[in-house]
Amino acid sequence: MKKIAISQLNTLFAAIAARKALYIPADDGAGAAKFTLWAEGVQLSDKLNTVRSAKDLFFPQVEQLVNFKMEGTKLEIIENRDATEPFVVFGVRACDAASFDILDRVFLSDPVDTFYQTRRENGVVITLACSRPAETCFCGTFGIDATNPAGDITCWMDGENLYWRANTEKGEALTATLDLTDCDGSAVTAQQEAVREILRKLPLNGLDFSDFKDQKLMDVFNSPKWAALSESCLGCGTCTFVCPTCQCYDVQDFDNGREVRRFRCWDSCMYSDFTMMAHGTNRPTQKERFRQRFMHKLVYFPNNNDGIFGCVGCGRCLQKCPIHMNIVKVAKALKEDM
Amino acid sequence: MQERLKQKAIELLQNGTADRILGWKAGEFFYDLTPAVFTSKEQIEKDFVFNVFAGANLSKYLIAESRKGGKVAAFIKPCDSYSFQQLLKEHRILRDNVYVVGVQCDGMCDVAKLGCEGILGVQEDGESLTVDTLYGKKTVKKADAIADRCATCKSKKIVVFDELIGEQGEETEADRFGEVAKLEAMTPEERFDFWRGELSRCIRCNACRNVCPACSCEKCVFDNANSGVRNKAAADSFEENMFHIIRAFHVTGRCTDCGECSRVCPQNIPLHLLNRKLIKDINELYGPYQAGADMDTKPPLTNFTVDDCEPSIVHERGGQ
Amino acid sequence: MRNDPLIPMLGVVTMIRTDTPDVKTFRVTGIDGVKPFQHIPGQCAMLSIPGVGEALFSITSSPTEKDYLDFSIKKCGCVTTWLHQMEVGQQITIRGPYGNGFPVDTELAGKDLLFIAGGIGLAPLHSVINYCRHYRDRYGKIDIVYGSRSMADLVDFPEIIDEWCKEDGINVHLTIDNPQPEWDGHVGFVPNYVKELNFDTSKTVLMCGPPIMIKFTLAGLMELGFEKSQVYTTFELKMKCALGKCGRCNIGDKYVCKDGPVFRLDQMDELPDEY
Amino acid sequence: MPVNEEFKPTIVAFCCNWCSYAGADLSGTNRLQYPANVKIIRIPCSCRLNPMFILRAFQRGADGVILCGCHPGDCHYTTGNYYARRRMTLLFSMLDFLGIERERTRVEWVSAAEGAKFAATMNEFSATIHKLGPNRRLEDLRCRKD
């Protein structure tokens with residue numbers, strides 16, 4: 001365990017940023033936290049978490065894939081993927097750190113998505129343990145310890161110090177370049193105990209999804225609850241886009257008159273044209289689209305991935321859904337019938 | 001108030017006035033109400049809620065609800081009633097299938113304005129809210145937690161209803177255009193920087209569009225592959241600008257200024273300012289007009305006079 | 001730079017054959033004239049025209065064709081309309097092969113096979129049929145039931161008449177929906193025809209066609225005493241990546257692009273009815 | 001914004017079929033000069049101009065966009081240009097509100113007989129845009145030529 005005084009935080013950021021691009025949660029124009037490229041003057045946000053999750057840095061909303069030039073019948077493929085430089089992201093919470101396991105299972109499974117893979121290899125994740133969880137937090141449901149997050153390096157922060165523990169080779173390598181003081185783990189242990197006390201008092205503590213594992217896929221799918229749950233869904237993509245584990249994407253072409261740029265961008269299963277084909281769509285109403293999102297997180301994904309749910313309990317959808325419908329309400333309603 | 005609404009809902013179901021009730025359903029916390037349809041007394045008793053966080057405008061749901069057969073009763077607040085009447089004017093809601101219960105409103109609160117972390121519960125007592133949190137209790141004056149859009153409420157008048165709960169109100173004198181005027185006073189460079197800062201946060205989740213009662217197209221131009229402008233994400237800052245310019249323009253003269261767009265924006269972009277700018281322009285250039293205020297007045301963009309100002313007025317009057 | 005599966009390679013269209021008023025068959029090779037990749041019957045490939053879009057098509061030619069890939073494509077959307085307007089020599093992009101394909105060397109080996117196709121549904125089965133014809137000794141009797149709206153809509157009509165019908169051990173049963181003066185064959189819908197033909201239930205069925213045909217034909221097969229586990233079908237949903245990642249073709253815990261497009265009907269019973 | 005000596009502004013002129021397009025024609029047959037970088041797009045009536053057209057012109061490289069229609073009262077369809085006038089006023093006002101230079105957009109009424117006015121308008125508009133410099137606030141970087 002190592003430490004550095006909070007007053008030295010900017011020196012630490014400057015030392016990291018001297019070698020690699022550093023992203024830290026900083027307040028944006030609306031006062032919400034956002035992973036921001038650190039430069040002198042960028043202050044660490046005191047918000048619990050960012051609105052957009054850390055997935056943005058590994059799987060950006062828009063990503064250039066390839067260019068094409070077309071002349072008559074001739075076609076040319078021009079590889080021009082966005083350059084990815086080595087970077088460090090500081091202040092990732094335990095939930096977002098756990099979301100990388102889920103994204104890895106999608107993008108790093110065969111065939112490997114090299115765009116994501118490159119960013120994963122280039123990125124060093126420094127997590128920050130939570131000290132003031134919110135009422136919307138439920139990472140404990142998925143066995144995530146908010147006081148001991150994963151990542152290449154784990155940090156804890158109290159009023160005086162930032163405590164630092166490297167977990168991986170990548171983390172060790174970064175640590176070796178920094179000027180940190182050795183220390184014992186007693187302050188961290190004390191903080192962890194205090195925070196665990198708060199975590200036990202969270203209103204969503206005790207929320208249990210394990211019932212879904214014993215259910216037949218078709219029983220959940222055919223639940224009569226879906227109609228009422230989805231009734232007021234606006235069909236917007238807020239939940240999808242703030243979700244650290246949603247990874248559906250669309251591939252689109254943009255023709256600027258001289259060349260065609262093929263890019264991919266986030267997509268949402270909540271959108272009406274997500275599965276639209278020339279002859280129609282197989283999910284014609286919002287009920288089917290809404291059901292798809294939650295079935296995927298609660299049933300389909302675990303079925304294919306050793307029982308791991310496609311949710312990390314970050315609570316972003318609880319905060320941001322315009323009509324306050326979310327995975328907690330859905331799971332609770334469905335469980336009434338189990 | 002909540003009890004009066006509940007009783008009314010049950011009464012309307014029982015006396016056969018309505019088959020379904022459109023209202024708000026309790027959530028996990030005090031503040032996360034979900035619009036919901038109730039069909040039984042039991043459901044209403046268990047889940048129906050009306051409190052200072054019942055901000056969602058229910059009128060847009062009535063486009064679909066009024067077509068589902070049977071009759072639906074909906075609780076409509078003053079600002080919602082403007083949206084409702086505007087939708088009636090555009091023939092989007094089947095009026096005969098809707099029973100409107102007008103509900104007077106003292107302004108809704110914005111949970112972010114409570115300034116509390118780890119909210120466990122909120123108690124409403126008179127003019128203050130007592131917030132119980134993981135990190136202690138806090139008392140907040142309701143007036144301090146009121147949503148921005150309600151602080152500049154245009155009208156407490158319920159413009160269309162079948163019956164009323166609470167008093168009928170009047171149009172207010174609130175200054176809705178102060179923020180717009182502040183922006184108008186800036187230089188174009190400053191305005192450009194301001195809007196770039198705001199719009200660059202947009203994640204194109206479409207929440208503003210999908211919640212907007214004026215955005216009721218069956219197929220939005222931005223979803224239409226044949227429109228040439230379909231996009232799912234802003235791949236360039238131009239597309240961020242275009243989406244919001246066109247969206248604001250498409251609701252010009254139809255936007256009732258309900259403020260839902262800004263309420264639902266996950267990135268807190270003050271989208272209502274674009275709409276208010278257009279409302280302000282319409283009022284100044286073509287005479288006062290309030291969308292949804294009545295069924296008869298011609299909307300400004302489907303109307304004209306031969307003496308209308310020329311577009312060059314934008315150059316002549318400068319920033320305004 | 002890494003080679004990403006989303007980045008396609010160039011292909012060139014070397015032949016275009018008009019099969020029916022709305023179906024054309026396109027022969028594609030790499031720009032070096034070599035077949036772009038090997039495949040299993042029933043597998044698909046992503047074809048794209050930059051600026052228009054990318055779409056998934058089943059490969060119609062048999063893997064035993066050494067030099068090219070064929071695609072029989074019906075004109076119905078943006079990409080297919082563009083393809084139909086294209087001329088020989090046009091370069092396009094191609095990536096693949098995708099999907100599981102039919103289990104031609106395992107579960108189907110040694111079996112009597114019954115192919116049932118409707119309209120453009122012949123496209124994915126065409127590859128299997130020609131594969132089986134090439135390795136004729138590996139399979140038992142082959143029956144082919146093929147129906148379409150009219151005579152003009154039968155895809156590959158010359159090949160069917162001149163080659164398949166003349167081959168020993170292959171019985172071809174053609175049908176069209178409505179009578180036509182120049183047609184002396186069977187008239188009627190595929191499901192009824194299958195019932196009339198009263199097939200022996202020892203056969204393994206490979207079926208592809210419009211959903212409504214599948215539904216009624218399946219009911220007919222059940223009546224004849226077939227089990228769902230004897231019936232294979234192939235179908236498509238909207239796809240963007242074809243790699244099992246973009247999430248579009250997900251039904252239940254399966255991805256059609258990766259776990260499909262070929263499913264045995266008893267497996268499909270465990271999936272939501274969202275196709 | 002620095003004025004580039006080499007900068008030749010691209011102007012998109014949407015012209016009503018009945019008046020302004022004929023006016024442009026007349027200016028051509030009268031051999032009046034106006035910049036070659038004025039690209040004329042003929043529309044059936046000034047009222048046909050969808051605001052999206054203006055934005056897409058800027059996206060794809062226009063530095064200024066001008067709408068030319070029949071004089072108020074002279075619309076071939078009686079009232080089309082009155083509606084266009086309101087729409088463009090509000091659209092231009094909003095673009096201005098967003099900080100887009102208000103000089104980049106303009107409406108002029110040009111009749112079929114006003115060939116000289118058409119040429120003069122284009123010359124003057126082009127000079128204004130030239131002074132203003134290239135469009136940077138409403139351009140799409142993916143469409144930039146350099």
Side-chain angles (χ1 to χ4, degrees), chain A residues 28-32 34 47-48 51-52 56 61-64 132-137 198 201-204 228-229 231-242 249-250 252 254 261 263-268 270-273 276 286 316 318-326 328-329 332, chain B residues 22 24-25 27-29 31-39 43 53 56 58 60-61 64-65 111-112 116-121 133-135 194 197-198 200-201 203-211 219-220 223-225 230-236 239 260 263-270:
Chain A
D28 63 17
K34 175 187 185 238
K47 307 289 184 303
L48 175 64
V51 175
R52 299 175 67 158
D56 292 37
Q61 183 161 18
V62 176
E63 182 162 38
Q64 181 64 34
R132 283 170 78 85
E135 72 277 12
T136 49
C137 292
I198 303 170
K201 284 191 275 187
L202 288 180
L204 299 179
L229 286 169
E231 196 147 31
S232 50
C233 177
L234 298 172
C236 74
T238 307
C239 52
T240 318
F241 292 172
V242 298
Y249 62 80
D250 193 359
Q252 296 198 345
F254 178 81
R261 298 162 67 97
F263 62 98
R264 74 163 161 204
C265 59
W266 295 351
D267 203 348
S268 173
M270 292 289 203
Y271 288 168
S272 57
D273 60 353
M276 184 60 82
Q286 198 55 32
R316 286 185 177 90
L318 277 69
Q319 290 163 353
K320 292 296 176 186
C321 175
I323 54 135
H324 295 294
M325 179 45 71
N326 51 57
V328 170
K329 288 183 180 177
K332 283 191 171 178
Chain B
L22 181 60
W24 298 267
K25 191 176 171 178
E28 293 298 312
F29 318 109
Y31 61 81
D32 59 340
L33 310 190
T34 300
V37 174
F38 300 84
T39 50
Q43 284 175 352
F53 295 104
L58 301 182
K60 192 179 184 182
Y61 289 113
E65 281 301 327
V111 69
C116 295
E117 295 171 286
I119 299 169
L120 297 174
T133 80
L134 286 163
Y135 310 103
F194 170 83
E198 296 295 332
S200 63
R201 291 203 304 276
I203 57 173
R204 267 312 293 283
C205 64
N206 293 318
C208 49
R209 179 191 76 185
N210 292 12
V211 81
K219 181 110 189 154
C220 175
D223 285 349
N224 184 350
R230 177 181 65 161
N231 59 46
K232 284 213 168 121
D236 188 274
E239 291 191 330
E260 285 283 89
R263 176 183 72 87
V264 300
C265 180
Q267 293 281 52
N268 299 315
I269 303 172

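Quick note on labels: first sequence line is chain A, next is B, and so on, each numbered from 1. In what follows, every heavy atom counts, from backbone to side chain, and hydrogens, waters and symmetry copies are set aside.
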Heavy-atom contact with chain A under 4.5 Å, split by part of [X]:
{"X": "B:Arg263", "answer": "side chain"}
{"X": "B:Ala64", "answer": "neither"}
{"X": "B:Leu33", "answer": "backbone"}
{"X": "B:Ala207", "answer": "both"}
{"X": "B:Ile203", "answer": "both"}

query = Got a donor-acceptor contact below 3.5 angstrom from the A:Glu135 side chain to the B:Leu120 backbone?
reply =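 No: the side chain of A:Glu135 does not pair with the backbone of B:Leu120.
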
Shortest non-hydrogen contact between [X] and [Y], atoms and distance:
{"X": "A:Thr238", "Y": "B:Cys205", "result": "OG1-SG, 3.3 Å"}
{"X": "B:Phe29", "Y": "A:Pro203", "result": "CE2-CG, 3.9 Å"}
{"X": "A:Val62", "Y": "B:Ala234", "result": "CG2-O, 3.7 Å"}

Against chain B, label [X] side chain, backbone, both or neither, depending on which of its atoms sit under 4.5 Å from a heavy atom there.
{"X": "A:Gln252", "value": "side chain"}
{"X": "A:Ser268", "value": "neither"}
{"X": "A:Leu318", "value": "side chain"}
{"X": "A:Thr240", "value": "neither"}
{"X": "A:Arg316", "value": "neither"}
{"X": "A:Lys332", "value": "side chain"}
{"X": "A:Leu229", "value": "neither"}

task = Would you give the length of the straight line joining atom CZ of A:Arg261 to atom CG of B:Asp236, rounded to the nearest 0.5 angstrom?
result =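 Reported value, rounded in 0.5 Å steps: 8.5 Å.
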
Pairs of heavy atoms under 4.5 Å with chain B: top-ranked of [options]:
{"options": "A:Leu202, A:Leu234, A:Leu204, A:Asn326", "answer": "A:Leu234"}
{"options": "A:Lys34, A:Gln61, A:Glu63", "answer": "A:Gln61"}
{"options": "A:Arg52, A:Arg132, A:Lys201", "answer": "A:Arg132"}

Of the listed residues ([options]), which shares the most heavy-atom pairs with chain A below a 4.5 Å separation?
{"options": "B:Gln267, B:Lys219, B:Lys232, B:Lys25", "result": "B:Lys232"}
{"options": "B:Ile119, B:Leu58, B:Ile269", "result": "B:Ile119"}
{"options": "B:Glu260, B:Arg209, B:Arg204", "result": "B:Arg204"}
{"options": "B:Ala233, B:Pro270, B:Pro266", "result": "B:Pro266"}
{"options": "B:Leu22, B:Asp223, B:Asn206, B:Thr133", "result": "B:Asn206"}
{"options": "B:Asn231, B:Leu134, B:Val37", "result": "B:Leu134"}

task = Determine the sole option in A:Gln319, A:His324, A:Met325 for which the side chain to side chain contact (heavy atoms under 4.5 Å, CB included) test with B:Asp32 is passed.
result =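 The passing option is A:His324.
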
task = Could you check if a side-chain atom of A:Val51 sits within less than 4.5 angstrom of a side-chain atom of B:Arg201, using non-hydrogen atoms only?
result =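 SC-SC contact between A:Val51 and B:Arg201 ruled out.
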
For B:Phe194, ring pair (Phe, Tyr, Trp, His ring centres under 6.0 Å) partners two or more places apart =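 Once residues adjacent in sequence are excluded, B:Phe194 has no partner under the ring pair (Phe, Tyr, Trp, His ring centres under 6.0 Å) criterion.
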
A:Ser232: side-chain contact (heavy atoms from CB on, under 4.5 Å) partners, not counting sequence neighbours =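 Per chain and number, A:Ser232 pairs via side-chain contact (heavy atoms from CB on, under 4.5 Å) with A:Ile323, B:Thr34, B:Pro35, B:Tyr61.
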
